[in-house]
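Below is one structure, written out as structure tokens, with a few remarks after it.
Keep in mind the model is a prediction, meaning the values are calculated, not measured.
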Amino acid sequence: MGIYTAPNVLAYSVKGASLDTNLGLSAGTYNVAVTEWDNCGWSSKALVTVTVASPNPSTSTSSSTPRTFNDVQNAKGWSGYALLPPSWGICTSCLSTGPQLIWSWTQNISSPSMNGLSTKSVYGGGTAQWGDVLWNNHIVGYFSSQGLPDTNHTLNPTLHSFTYDVYFWVKDASVSQGLEFDINQYVGGKRFIWGHECRIAGGHEWDIYDNVNKKWVATGVPCNPVSGAWNHVIINVQRTSTNQLLFKTITLNGKTSTINHTESPTSTSWNGVTINYQIDSNRYSTPYAVYIDKLTFTMQ
């Protein structure tokens with residue numbers, strides 16, 4: 001089943017006998033079609049007109065109203081990039097087929113999966129040692145996958161609290177140098193990068209990102225994901241009233257560790273909210289795959 005918010009625009013889809021989700025839409029009128037189809041070629045749809053009012057900064061975009069996006073791993077808008085040493089900047093000339101680095105992103109995976117909608121992310125090796133693969137999705141701002149362009153910048157400034165909640169499965173976690181989960185906000189001329197890295201081959205510890213000095217800071221919190229099983233990560237962060245990055249808590253497989261560490265932002269001219277997901281190669285450039293599922297992002 002799926003939800004079309006415009007002709008040929010499939011905003012959400014799910015396998016099975018039930019559909020229950022939330023969609024973020026910008027202001028306007030939508031002729032929505034809720035459609036079902038099967039493997040025999042049959043389909044039917046229900047039409048509904050939805051009108052989304054322009055946000056009132058003092059009410060609907062208040063920080064007291066959380067917005068939650070479910071199954072983001074299966075959303076449109078994911079872009080993949082190769083990050084190569086020594087600077088680990090985005091390689092604009094690199095192709096996903098290599099040779100420097102090989103990667104892929106495949107959605108709607110049924111196994112392993114928790115709900116039939118997992119996404120398979122692959123580091124496939126390459127000629128560049130220590131290469132990383134970064135995937136990025138725009139939640140708020142231009143190119144928003146959730147229909148929230150926020151062209152008037154009325155939503156983004158009200159957002160202060162963020163939660164990144166995701167399950168991941170890797171057959172042999174020991175071959176991964178690290179897995180990274182980032183929340184990024186660009187607002188008021190400031191860039192807030194809440195970077196979180198689970199170092200695996202790199203030392204089984206959570207690191208957080210120092211924006212100003214562009215380096216990772218060890219937290220002392222262990223990170224030991226289980227191979228061949230679903231691991232559950234929940235990350236909570238906040239932009240404080242004084243515009244500092246507050247790294248609040250990290251939860252892995254039910255164990256919550258309080259970080260309560262602050263960092264300063266840097267400058268930017270962009271406006272929006274994005275999330276990143278990244279897998280890092282080890283010294284041997286060993287190929288491996290990580291499946292992610294039930295990625296829920298909440299902002300408030």
### Message
Working note: N115 + D71, criterion side chain to side chain donor-acceptor pair (under 3.5 Å); need CA distance, chi angles, decisive distance, verdict.
### Response
CA-CA 10 Å; N115 60 3; D71 286 323; 3.1 Å; yes
### Task
Would you sort out whether I275 and N136 count as a side-chain contact (heavy atoms from CB on, under 4.5 Å), showing the intermediate values?
CA-CA 6 Å; I275 59 174; N136 172 267; over 6 Å; no
### Task
Evaluate the criterion side-chain contact (heavy atoms from CB on, under 4.5 Å) for residue pair V122 and Y288; output intermediate values, then yes/no.
CA-CA 6 Å; V122 173; Y288 69 100; over 6 Å; no
### CA sep, side-chain torsions, deciding dist, call: Y81, C91, side-chain contact (heavy atoms from CB on, under 4.5 Å)
CA-CA 7 Å; Y81 306 94; C91 176; over 6 Å; no
### Query
Are V133 and Q278 close enough, and set up right, to give a side-chain contact (heavy atoms from CB on, under 4.5 Å), and what steps lead you there?
CA-CA 6 Å; V133 190; Q278 181 175 314; 5.8 Å; no
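Side-chain contact between L245 and P265: present, with at least one pair of heavy atoms (C-beta onward) separated by less than 4.5 Å. With a 4.5 Å cut-off on side-chain heavy atoms, T240 and T242 count as touching. At least one side-chain heavy atom of P225 sits less than 4.5 Å from a side-chain heavy atom of I200. Residues N74 and S13 form a side-chain contact, since some pair of their non-hydrogen atoms from C-beta on lies under 4.5 Å apart. In this structure, V273 and F297 have side chains that are in contact, with non-hydrogen atoms separated by less than 4.5 Å. Side-chain atoms of V290 and Y277, non-hydrogen and from C-beta on, do get closer than 4.5 Å to each other. A 4.5 Å side-chain heavy-atom check between T127 and Q100 finds at least one atom pair inside the cut-off. With a 4.5 Å cut-off on side-chain heavy atoms, C94 and L84 count as touching.
Under the 4.5 Å side-chain heavy-atom criterion for ILVMFWY residues, no single connected hydrophobic cluster contains both W230 and V175. In this structure, L117 is a member of the same hydrophobic cluster as I3, with clusters built from ILVMFWY side-chain heavy atoms closer than 4.5 Å. Grouping the Ile, Leu, Val, Met, Phe, Trp and Tyr side chains by contacts below 4.5 angstrom, directly or via other members, places V166 with V72. Cluster membership check: V32 shares its hydrophobic cluster with M1, using side-chain heavy-atom separations under 4.5 Å among Ile, Leu, Val, Met, Phe, Trp and Tyr. Linking ILVMFWY residues whenever their side-chain heavy atoms come closer than 4.5 Å, directly or via other members, leaves I193 and I208 in distinct clusters.
Screening D165, N253, D293 against H232 for a side chain to side chain donor-acceptor pair (under 3.5 Å) leaves a single residue, D165. In summary, of the residues considered (S144, S145, S79), a side chain to side chain donor-acceptor pair (under 3.5 Å) with N137 occurs for S145 alone. If you run ring pair (Phe, Tyr, Trp, His ring centres under 6.0 Å) between H138 and each of F69, W78, Y186, W270, only W270 comes through.
Between the side chain of N282 and the backbone N or O of S174, no donor-acceptor pair lies under 3.5 Å. Put simply, the side chain of Y164 gets close to the backbone of N276: a donor and an acceptor are under 3.5 Å apart. Of the possible donor and acceptor atoms, one in the side chain of W88 sits under 3.5 Å from a partner among the backbone N and O of W130. Remark: side-chain polar atoms of T158 are paired, donor with acceptor, to backbone N or O of L155 under 3.5 angstrom. In this structure, E197 contributes its side chain and F181 its backbone to no donor-acceptor pair below 3.5 Å. With N70 contributing its side chain and T21 its backbone, the two residues share no donor-acceptor pair below 3.5 Å. For Q129 (side chain) and R283 (main-chain N/O), a donor-acceptor pair under 3.5 Å exists by modelled atom type. Between the side chain of T266 and the backbone N or O of V212 there is no donor-acceptor pair closer than 3.5 Å. When atom types are taken as modelled, the side chain of N231 and the backbone of A229 share a donor-acceptor pair closer than 3.5 angstrom. Using a distance-only test at 3.5 Å, with no hydrogens or angles considered, a donor-acceptor pair links the side chain of R239 to the main chain of P157.
The residues D207 and R199 are annotated as salt-bridged, a charged nitrogen and a carboxylate oxygen being separated by less than 4.0 angstrom.
Atom CD1 of I90 sits about 12.0 Å away from atom CG of D132, to the nearest 0.5 Å. Here R191 contributes atom CZ and T268 contributes atom OG1; the two are 4.5 Å apart, rounded to the nearest 0.5 Å. The distance from atom NZ of K294 to atom OG of S118, rounded to the nearest 0.5 Å, is 12.5 Å. Note: L252 CG to N224 CG = 8.0 Å, rounded to the nearest 0.5 Å. Summarising the geometry, atom OG belonging to S113 is positioned 12.5 Å from atom OH belonging to Y167; distances are rounded to the nearest 0.5 Å. The CE atom of M114 sits 13.0 Å away from the CD1 atom of I292 when rounded to the nearest 0.5 Å.
For G220 against E205, the heavy-atom pair with the smallest separation is N-OE2, 2.6 Å. Closest of all the heavy-atom pairs between K171 and W169 is N-CZ3, 3.5 Å. Closest of all the heavy-atom pairs between G131 and S281 is O-OG, 2.7 Å. For A128 against S285, the heavy-atom pair with the smallest separation is O-OG, 3.9 Å.
Defined by atom type and a distance below 3.5 Å, a donor-acceptor pair is missing between the side-chain atoms of T298 and T163. Looking only at atom types and distance, the side chain of N156 has a donor-acceptor partner in the side chain of N271 under 3.5 Å away. For S264 and Q244, the side-chain atoms include at least one donor-acceptor pair closer than 3.5 Å. Counting only N and O atoms by type, the side chains of T249 and T258 include no donor and acceptor under 3.5 Å apart. A donor and an acceptor atom, one from each side chain of S121 and Y291, are nowhere located under 3.5 Å apart. When only modelled atom types and interatomic distance are considered, Q238 and N236 share no side-chain donor-acceptor pair under 3.5 Å.
Within a 6.0 Å sphere centred on NZ of K15, other residues, nucleotides and ligands contribute more than 12 heavy atoms.
In this structure, the ring of H196 has its center less than 6.0 angstrom from the ring center of F247. The six-membered or imidazole ring of W216 lies near that of Y209, with a centre-to-centre distance under 6.0 Å. Under the 6.0 Å cut-off for aromatic ring centres, W103 and Y123 do not qualify, their centroids lying 6.0 Å or more apart.
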